[in-house]
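Okay, structure first, notes after.
It should be emphasised that the depicted structure is a prediction, and the values quoted were computed from it without experimental measurement. All values below come from the heavy atoms of this structure, side chains included, with hydrogens, waters and symmetry mates left out. Convention: sequence-line order gives letters A, B, ...; per-chain numbering from 1.
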2 protein chains.
Amino acid sequence: MTLVDQTFAVPPVAEDRAAMIREYLRDAIVDRRLAPGTKLNEAEVGTLFDVSRTVVRAALQALAFEGLVKTERNRGAFVANPSPDEARQVFASRRLIEPGIARAAAECVTPKDIASFRARLHDESRLLGERGPSARRAEIHASGDFHLLLANVAGNAILLRFMEELVARSSLVIALYGRSGASSCGHNDHANIVNALEAGDGDKAAQLLLSHIDHIEADLDLRSTTGLALAEALNTQD
Amino acid sequence: MTLVDQTFAVPPVAEDRAAMIREYLRDAIVDRRLAPGTKLNEAEVGTLFDVSRTVVRAALQALAFEGLVKTERNRGAFVANPSPDEARQVFASRRLIEPGIARAAAECVTPKDIASFRARLHDESRLLGERGPSARRAEIHASGDFHLLLANVAGNAILLRFMEELVARSSLVIALYGRSGASSCGHNDHANIVNALEAGDGDKAAQLLLSHIDHIEADLDLRSTTGLALAEALNTQD
DNA sequence: CCAGCCGAAATTGTATGCAATCCAGGCGGG
DNA sequence: CCCGCCTGGATTGCATACAATTTCGGCTGG
């Protein structure tokens with residue numbers, strides 16, 4: 001498992017190593033470097049980060065709360081492997097929450113925020129042009145960051161945390177059920193949303209966001225597993 | 001539907017003691033037996049439940065994720081003491097999420113669900129008539145359970161978890177900023193919502209829920225702390 | 001050849017020990 | 001008399017040791 005391929009030459013803060021490991025693992029999961037179902041051995045992760053299992057367990061527990069890993073008693077932690085039903089719930093939740101966030105963001109967006117959005121859009125464009133798995137990962141990441149930036153602008157820390165969880169889980173779902181290898185988020189959709197925000201049209205931004213989510217979900221292949229319980233059971237192993 | 005199990009006389013399962021402690025502490029916080037700001041000493045809690053600090057720490061970390069306790073590095077865990085701004089965010093989140101939940105619930109509510117609601121309403125009525133702090137606590141609890149039952153009926157596990165967090169934090173907020181000693185939730189509001197659900201009128205249920213939330217928040221005294229930073233700082237101590 | 005059992009190795013769950021940090025109270029200087 | 005420093009106790013952060021459980025290999029019997 002190639003967890004540490006980046007350099008931690010200067011750990012930004014030596015404080016709270018558990019949080020650092022948590023974020024590192026989360027990035028790896030969201031970027032799909034760690035496939036759903038992958039076992040996260042406590043001792044192994046501890047060795048990689050040079051900490052004791054105590055710290056690793058704290059990080060894994062945190063990720064379990066976010067729904068990114070699933071822990072089974074006496075069996076350990078695994079990168080989450082959401083079922084089609086869970087996938088639908090993730091997107092249903094986003095459809096419920098994100099339009100409201102867009103309306104709130106439209107109310108309090110500043111020119112500086114708009115500039116941040118544009119910078120993000122620029123990154124997305126650049127990454128869309130590049131090739132290779134690394135660019136693809138960065139693109140997925142940037143795409144999610146757009147939605148997080150939106151929640152950040154809205155100014156509600158609780159909703160921001162909910163969105164962090166939903167965006168991360170969406171990435172897992174797309175990794176599992178994405179039909180096309182295409183971008184997880186249409187770049188044009190994002191640009192249109194920013195335009196609506198800049199115009200202060202919260203309702204339009206909300207509507208665009210809603211159809212954007214529909215667009216993402218439409219690219220998934222969430223066939224019912226009814227009657228396929230055995231196959232599903234086999235798939236959800238590892 | 002196992003929303004909250006109140007009897008801890010006989011722990012149903014000895015498995016996962018951390019989860020048991022977590023739920024016990026959460027009940028105590030939501031019922032306001034543990035005041036906001038109370039320090040939760042690891043060793044003390046451990047002695048109380050006859051477990052090691054390891055298990056207590058896991059429970060406290062879980063509660064910290066729910067926003068019910070706040071941990072400060074090298075200082076320990078404290079029952080959360082939400083600021084007026086956090087309080088507003090809690091209710092803003094509920095206003096955003098709960099109407100959608102009501103619509104979803106109206107779509108898939110069953111007669112059995114309605115019966116559960118009615119039973120809950122009956123409990124609330126009974127508790128409203130009783131006196132004493134114990135009845136008051138039970139009433140607060142039942143009031144929150146109504147909203148959780150609604151989320152449960154809606155059938156989205158993710159939103160249910162979000163609502164669990166929001167309802168619990170609402171209880172903290174009401175404990176801190178509630179103006180009247182009156183019921184935290186108007187009982188009639190709940191009854192009207194159930195009627196709308198039974199009629200399959202999701203929009204009406206959503207609208208009733210929205211005004212219900214407004215009603216709850218209107219009873220709070222969330223004066224701005226701008227210019228009162230010092231007093232606020234003093235208050236948020238313990 | 002295969003199913004089922006059994007024991008060793010691996011892995012997780014929990015308790016405990018130790019170092020680091022924080023807090024309270026006393027003491028000395030101003 | 002008040003302010004700042006310092007030291008002792010208490011508490012948390014982390015590592016490690018041990019117990020409980022699972023997993024996986026081989027072995028035996030059919």
Looking at [X], I'd like to know whether one of its side-chain N or O atoms comes within less than 4.0 Å of OP1 or OP2 on [N].
X     : N      : answer
A:K39 : D:dT23 : no
A:R57 : C:dT12 : no
A:R75 : D:dT21 : no
A:R73 : C:dT14 : yes

Quiz prompt | Exam field: side chain B:S143 to backbone B:E139, donor-acceptor pair closer than 3.5 Å | solution = no
Self-check item: Donor-acceptor contact present, side-chain A:E86 to main-chain A:S83, <3.5 Å
Solution: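 Pair found, side chain donor or acceptor close to backbone of A:S83.
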Quiz item: Quantified as the angle between the terminal helix axes (five pairs each), what is the overall bend of the helix from C:dC1-D:dG30 to C:dG30-D:dC1 to 10 degrees?
Solution: 10°
Exercise. Enter the distance from B:I216:CD1 to B:H147:NE2 here, rounded to the nearest 0.5 Å.
Key: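 B:I216 CD1 to B:H147 NE2: 5.0 Å, rounded to 0.5 Å.
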Exercise. Evaluate the criterion side chain to side chain contact (heavy atoms under 4.5 Å, CB included) for residue pair A:I21 and A:L48; output intermediate values, then yes/no.
Key: CA-CA 10 Å; A:I21 294 174; A:L48 278 171; over 6 Å; no
Self-check item: Under-4.0 Å salt bridge between B:R94 and B:E217
Solution: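 No, B:R94 and B:E217 are not salt-bridged.
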Practice problem: For each nucleotide in nucleotides 15-20 of chain D, reading 5' to 3', give B when a protein heavy atom comes within less than 4.0 Å of its base, S when such contact involves only the sugar-phosphate, and - otherwise. | Solution: BBB---
Whole angstroms only, please: what is the [atom1]-[atom2] distance between [X] and [N]?
X     : N      : atom1 : atom2 : answer
A:D16 : C:dA20 : CG    : C1'   : 15 Å
A:E72 : C:dT12 : CD    : C1'   : 12 Å
A:E44 : C:dT12 : CD    : P     : 10 Å
B:I21 : C:dT14 : CD1   : P     : 10 Å
A:M20 : D:dG13 : CE    : P     : 17 Å

Quiz item: Choosing from C:dT11, D:dG13, C:dG13, which nucleotide comes nearest the side chain of B:E42?
Solution: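 Given the options C:dT11, D:dG13, C:dG13, the side chain of B:E42 is closest to D:dG13.
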Practice problem: Please assess B:H141 against B:D145 for the test side chain to side chain contact (heavy atoms under 4.5 Å, CB included), listing each intermediate value before the final yes or no. | Solution: CA-CA 6 Å; B:H141 212 116; B:D145 281 353; 3.6 Å; yes
Quiz item: Does the side chain to side chain donor-acceptor pair (under 3.5 Å) test come out yes or no for B:T110 and B:D113, once each step is laid out?
Solution: CA-CA 5 Å; B:T110 68; B:D113 294 328; 3.1 Å; yes
Quiz item: Stepwise, does the side chain to side chain contact (heavy atoms under 4.5 Å, CB included) test hold for A:R137 with A:R32?
Solution: CA-CA 7 Å; A:R137 280 174 194 149; A:R32 308 179 198 172; 5.7 Å; no
Quiz item: Do A:L63 and A:E66 pass the side chain to side chain contact (heavy atoms under 4.5 Å, CB included) test, and can you show the C-alpha distance, the side-chain angles, and the key distance before you say yes or no?
Solution: CA-CA 5 Å; A:L63 290 169; A:E66 291 183 71; 3.6 Å; yes
